[in-house]
Amino acid sequence: MVSALLGACSDKTTPASADLAADVVADVPAASAETASAEHVPPPAATAPKTEEMNTPQARKREAGMMRAVFGKDYRGDSDDALADLPDPDNHVDKLSYVVSAVSHRLLPDGRAILVANAETANTEGTAESAHASSGLLNVFFLAPKGQPEDGQWQVVKRLENIAALGSSGQLGEVHWVMLGANKPGLAIRHGYTGQGYTITQLALFEIGDGKVTALDGGMDLYSDNMGACTPDMDECWMVSGKWRFAPARNGGAYDDLLIDFTGASEKIKPGVTVKPDQDPPRIATPLNGHARYGFDGKGYKLVEGKNTVPGV
């Protein structure tokens, strides 16, 4: 069984593709202990993958125009980022230098737009300088057309700078545009960290209002493993992944429920067994499949049914 876990984990650092968005809506049947470990969701890529819609020349040009509107002379067209002074996320009074990159944007029916950007600390040379444990900083800008729509010009209506710290290596994770309910647009951001052989991925939810962004939950566990630390003398090895989707609220509330289906397994060394040095010991596998339902309680999303089976890291 440990070989199955290790095999499934061998490509877990492969950058995620746009196809990963399918995990948002897929209804996942319960897997057996023998197959659960192979159906894992890799940790989020360093930067959010561009969907086909957002990766067209027209979309990239539109995004560059938005960045110019937001940052003016601080935007650097050659590197598609900006070197800008933004509020220190710890006190929001002092300003520090950051490298800011566009992550995604969404055009609204009335012609306005929302731009999501990632900020990471800049060094004195104007390049990003993030440690492995450094989070990416979430920035959201609300824009309106300037002049005629075909001109591609924008003006900033609202700036929300460094409002949340997510992810690692200076990147906030993968951004998905979602509907949290009828007329309730939002962001779902998959973010995580890998260190010392352990990996954890979580889901953060934000509601987007008229010129405001509200955090609804910053840390629902979606995935974890300790494959990088699973040596022959490690007592327990595991891998668990979750696929998430929204469904109408059971209580009839305005916010949809969040459903997560988990598949995976853990393996513990069989007690009383003596093996040679560096020999893999026999292990006893335990399925960690499960289901969790989160509902909105007026402030954020809370577990209302089932269990989150992702082991903590």
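Sequential numbering from 1 along the given sequence is applied to the chain's residues. As the structure is a prediction and not an experimental result, all values here were calculated from the model.
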Other hydrophobic cluster members with Val99, side-chain heavy atoms of Ile/Leu/Val/Met/Phe/Trp/Tyr under 4.5 Å, chained?
-> Leu83
In terms of side-chain geometry, is the basic nitrogen of Lys302 or Asp217 positioned less than 4.0 Å from the acidic oxygen of its partner?
-> no
Taking all atoms of both residues into account, what is the closest heavy-atom pair of Arg159 and Ala69, and its distance?
-> NH2-O, 4.4 Å
Please step through side chain to side chain contact (heavy atoms under 4.5 Å, CB included) for the pair Arg293 and Val304, ending with a clear verdict.
-> CA-CA 6 Å; Arg293 189 180 196 105; Val304 296; 4.1 Å; yes
Can you get from Tyr294 to Val178 by hopping between Ile, Leu, Val, Met, Phe, Trp and Tyr side chains that sit under 4.5 Å apart?
-> yes
In terms of hydrophobic clustering (I, L, V, M, F, W, Y; side-chain heavy atoms under 4.5 Å; direct or indirect links), are Val103 and Leu115 co-clustered?
-> no
Shared ILVMFWY cluster between Leu303 and Leu222, side chains joined below 4.5 angstrom?
-> yes
Residue pair Leu187 / Ile208, side-chain heavy-atom distance below 4.5 Å | yes
Val70, Tyr75: one ILVMFWY side-chain cluster at the under-4.5 Å cut-off?
-> yes
Shortest non-hydrogen contact from Pro145 to Gln155?
-> O-NE2, 3.7 Å
Using side-chain contact (heavy atoms from CB on, under 4.5 Å) as the criterion, point out the one residue from Thr286, Thr309, Val240, Ile284 that pairs with Ser266.
-> Thr286
Once you round to the nearest 0.5 Å, how far does CZ of Arg112 lie from CZ of Phe142?
-> 8.5 Å
Exercise: identify the closest heavy-atom pair between Arg283 and Glu267 = NH1-O, 3.4 Å
Atom CG in Asp110, atom CG in Leu107: separation rounded to 0.5 Å?
-> 10.5 Å
Asp90: salt bridge (charged side-chain N to carboxylate O under 4.0 Å, His left out) partners, not counting sequence neighbours | none
For residues 91-104, pull every pair meeting salt bridge (charged side-chain N to carboxylate O under 4.0 Å, His left out), keeping only residues two or more places apart or in separate chains.
-> none
Rounded to the nearest 0.5 Å, what separation is found between the OH atom of Tyr301 and the CG atom of Asp257?
-> 7.0 Å
When you check the side-chain N and O atoms of Asn118 and Asn139, is any donor under 3.5 Å from an acceptor?
-> no
Side chain proximity check, Leu143 to Val156, heavy atoms < 4.5 angstrom = yes
Which of parallel (below 30°), tilted (30 to 60°) and perpendicular (above 60°) describes Trp238 and Tyr198?
-> tilted
At what distance, to the nearest 0.5 angstrom, does CG of Asp280 lie from CE of Met234?
-> 13.0 Å
Linked, directly or transitively: Val116 and Phe71 (ILVMFWY side chains, under 4.5 Å) | no
Got a sec: does the CG of Asp233 have more than 12 other heavy atoms crowding it under 6.0 Å?
-> yes
Take atom NZ of Lys268 as the centre, draw a 6.0 Å sphere, and report whether it contains more than 12 heavy atoms from other residues, nucleotides or ligands.
-> no
Asn226 side chain vs Cys230 backbone, donor-acceptor pair below 3.5 Å = no
Side-chain (Asn162) to main-chain (Pro87) donor-acceptor, under 3.5 angstrom = yes
Shortest non-hydrogen contact between Leu259 and Ala247, atoms and distance | CD1-CB, 3.9 Å
Does a side-chain heavy-atom distance below 4.5 Å link Met66 with Phe141?
-> no
Side-chain H-bond candidate by donor/acceptor type, Tyr98 with Asp85, under 3.5 Å = no
Is it true that atom CG of Asp210 has more than 12 heavy atoms of other residues, nucleotides or ligands lying nearer than 6.0 Å?
-> no
Could you tell me whether the side chain of Pro185 reaches within less than 4.5 Å of the side chain of Ile114, counting heavy atoms only?
-> no
Donor-acceptor pair, Thr121 side chain versus Ser130 backbone, under 3.5 Å?
-> no
Rounding to 0.5 Å, atoms CG (Leu203) and CG (Leu166) come to a distance of 10.0 Å
Please report the closest heavy-atom contact between Asn308 and Ala292, naming both atoms and the distance.
-> N-CB, 4.2 Å
Tell me whether the centres of the aromatic rings in His132 and Tyr193 are closer together than 6.0 Å.
-> yes
Would you check, one step at a time, whether the test side chain to side chain contact (heavy atoms under 4.5 Å, CB included) holds for Thr263 with Ser241?
-> CA-CA 6 Å; Thr263 57; Ser241 65; 3.7 Å; yes
Can you tell me how far CD1 of Ile189 sits from CG of Leu138, rounded to the nearest 0.5 angstrom?
-> 5.0 Å
Of all heavy-atom pairs linking Leu205 and Ala188, the shortest is CD2-CB, 3.7 Å
Ile200 side chain near Ser224 side chain, heavy-atom distance below 4.5 Å = yes
Does Val140 reach the side chain of Ile163, with side-chain heavy atoms less than 4.5 Å apart?
-> yes
Tell me, do Glu305 and His291 make a side-chain contact under 4.5 Å, heavy atoms counted?
-> yes
Between Trp244 and His176, ring centroids under 6.0 Å | yes
With the side chain counted from C-beta on, respond yes when Leu288 and Phe262 share a heavy-atom pair under 4.5 Å apart, and no when they do not.
-> no
